[in-house]
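In what follows, a single structure is set out as structure tokens and then discussed.
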Number of protein chains: 2
Amino acid sequence: MAQPVNFGPLAQQPAYRLVSEKIRHAIISGEIEAGELLPTETDLAEQFGVTRSTVREAIRLLEHVGILGRADRKRLVVTRPCTEAVGRSVSSAMLMHQVTFEELWQVAMGLEPLAGKLACLSATDAEKQLLADNLVRTREVMADHDALLEAEIDFHNLVAQATHNSALLLARAPLNELFYPAWGAVIRALSPGERILVAHQHIYDAICAGDQGKAEEWMEKHMRDFRRGIEMGNLGFDQPVQG
Amino acid sequence: MAQPVNFGPLAQQPAYRLVSEKIRHAIISGEIEAGELLPTETDLAEQFGVTRSTVREAIRLLEHVGILGRADRKRLVVTRPCTEAVGRSVSSAMLMHQVTFEELWQVAMGLEPLAGKLACLSATDAEKQLLADNLVRTREVMADHDALLEAEIDFHNLVAQATHNSALLLARAPLNELFYPAWGAVIRALSPGERILVAHQHIYDAICAGDQGKAEEWMEKHMRDFRRGIEMGNLGFDQPVQG
DNA sequence: TGCTGACATATTGTCCGACAATATGTCAAT
DNA sequence: ATTGACATATTGTCGGACAATATGTCAGCA
């Protein structure tokens, strides 16, 4: 019996996608470097042989992920997606998936201790100084819940940056956007400022001493505190986080 | 002395961004559910009081991240961004940041053992069966490098899915896109099929037995094998991965 | 010289209208 | 019930147009 021929759907992409892919490829392959200016929309339209509208749609496709930004709200510029841009898009996805605080916490348990551990190996003096400054500031604003939350988020960002690991920085981006903000409710409910500070202090000490085990251990403790705080405050540990 | 008034730059967003944000918000807030069809472009244009072109640009803005997709290449539909879409955008970011294999490996060391551990708690029988099937297939295609790589990637995806943790699934999405493909070179160079299979087998056993420690430990061993493979093959452990 | 202001130019954001290709729905004919 | 013809709806693409704004140029003036 002759097999029925299966042609499969010939997926011809709309032009704006093709153009978008071409630009994306040119950027990723390094043909256009970060910081460089893109040709004008009219130029691109000519080069690709399509209309400006099409080019614009292609550009929008790349804009939201942060590959393209604008230098001065006029000329388009190739940018390396900042962690915030990545965080935004991943966070959207997580929100739509109704990610619970517990799920986020588990991810944080995987990444934050790792960040602490790695920071021990690669933190520069300047970065240690920034951490020290953060500790001082944290102590100062202990009473102000909003400022405290901000300092807390900053601290973890600084630790992550001290790892000099961009992949880690990007992977934990959604934590900044969703996990720590949710933590704000705990701060308002339980005022755990002192406890936060102690943990941060130990983590800082460990990083300065290059003690990977201690950094990891205290980051884990710190994360477990988060969890306990959410549970004690009855703040919906197993509820979907909200943006 | 009177403080000089600081007006700050009034950031008026272009209309296509406002429209995009409105749609995004409507989606995230659940006003429009996933799977639901969006109004037609002409409708949206009328509702927002802008032109269709503007609406289209707004839509493109959301399309690349996977919030919007098309049902049948015609009607637009609200979709929850699949891990591939998220993986794509995060991967782009990582590529532009010249992420090295070592950096990715470190992230994998944070996430994959965690996935193994969590899978022990939540894997269903169906998921265990899928893992078992994967083991069989892996043994079958051991000689075919491409198929082996595919089976390898599948295995780790299955483990991750067995955690039922969407946040983890999304966070590790770029690994699928960048980390494991890079591993392909090792497979071709060293043919470590047997070694892969042994690790997978132990991980599978641990998950079936609910033995978190063993799952975590073997996943770590497995990851360390990756690292050693890259190093032994002199395949650029500290070089930027390429898409 | 060095600064200011007027002017032309370039570029983006937005609008309008148009058409082709394609999917969907309707209805008659078989 | 299936088929085919036809009208309709929707998206993809095109072309042109204009306002707002940033940039560059250049004369004029202290």
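Each chain gets a letter, A, B and so on, in the order its sequence line appears, and its residues count up from 1.
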### Task
Quick one: label A:Thr51 by what it contacts on the DNA or RNA (base, sugar-phosphate, nothing), any heavy atom closer than 4.0 Å.
base

### Query
Within the structure shown, what part of the strands sits under 4.0 Å from B:Thr54 by heavy-atom distance: base, sugar-phosphate, or nothing?
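B:Thr54: backbone/sugar contact only, no base atoms under 4.0 Å.
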
Is the shortest side-chain N to carboxylate O distance from [X] to [Y] below 4.0 Å?
X	Y	answer
A:Arg88	A:Glu177	no
B:Glu63	A:Arg60	no
B:Arg137	B:Glu140	no

Using whole Å, what does the distance between atom [atom2] of nucleotide [N] and atom [atom1] of [X] come to?
X	N	atom1	atom2	answer
B:Asp43	D:dT10	CG	P	7 Å
B:Glu41	C:dC15	CD	P	15 Å
B:Leu44	C:dC15	CG	P	14 Å
A:Leu68	C:dG13	CG	P	12 Å
A:Glu46	D:dG15	CD	C1'	14 Å
B:Ile59	D:dT10	CD1	C1'	11 Å
B:Glu57	D:dG12	CD	P	14 Å

### Task
Measure up the B:His200 and B:Phe155 rings against each other and bin them: parallel (under 30°), tilted (30 to 60°), perpendicular (over 60°).
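Parallel: the ring planes of B:His200 and B:Phe155 meet at under 30°.
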
### Query
A:Arg172 pairs by side-chain hydrogen bond (donor to acceptor under 3.5 Å, both in side chains) with which of A:Thr83, A:Asn165, A:Thr163, A:Asn157?
A:Asn157

Measuring to OP1 and OP2 of [N], would you say a side-chain N or O of [X] lies under 4.0 angstrom away?
X	N	result
A:Arg56	C:dG13	yes
B:Arg17	C:dT12	no
A:Tyr16	D:dT13	no
A:Thr40	C:dA10	no
B:Thr42	D:dA9	no

### Query
Out of D:dT10, C:dC15, C:dG13, which has the shortest distance to the side chain of A:Arg52?
C:dG13

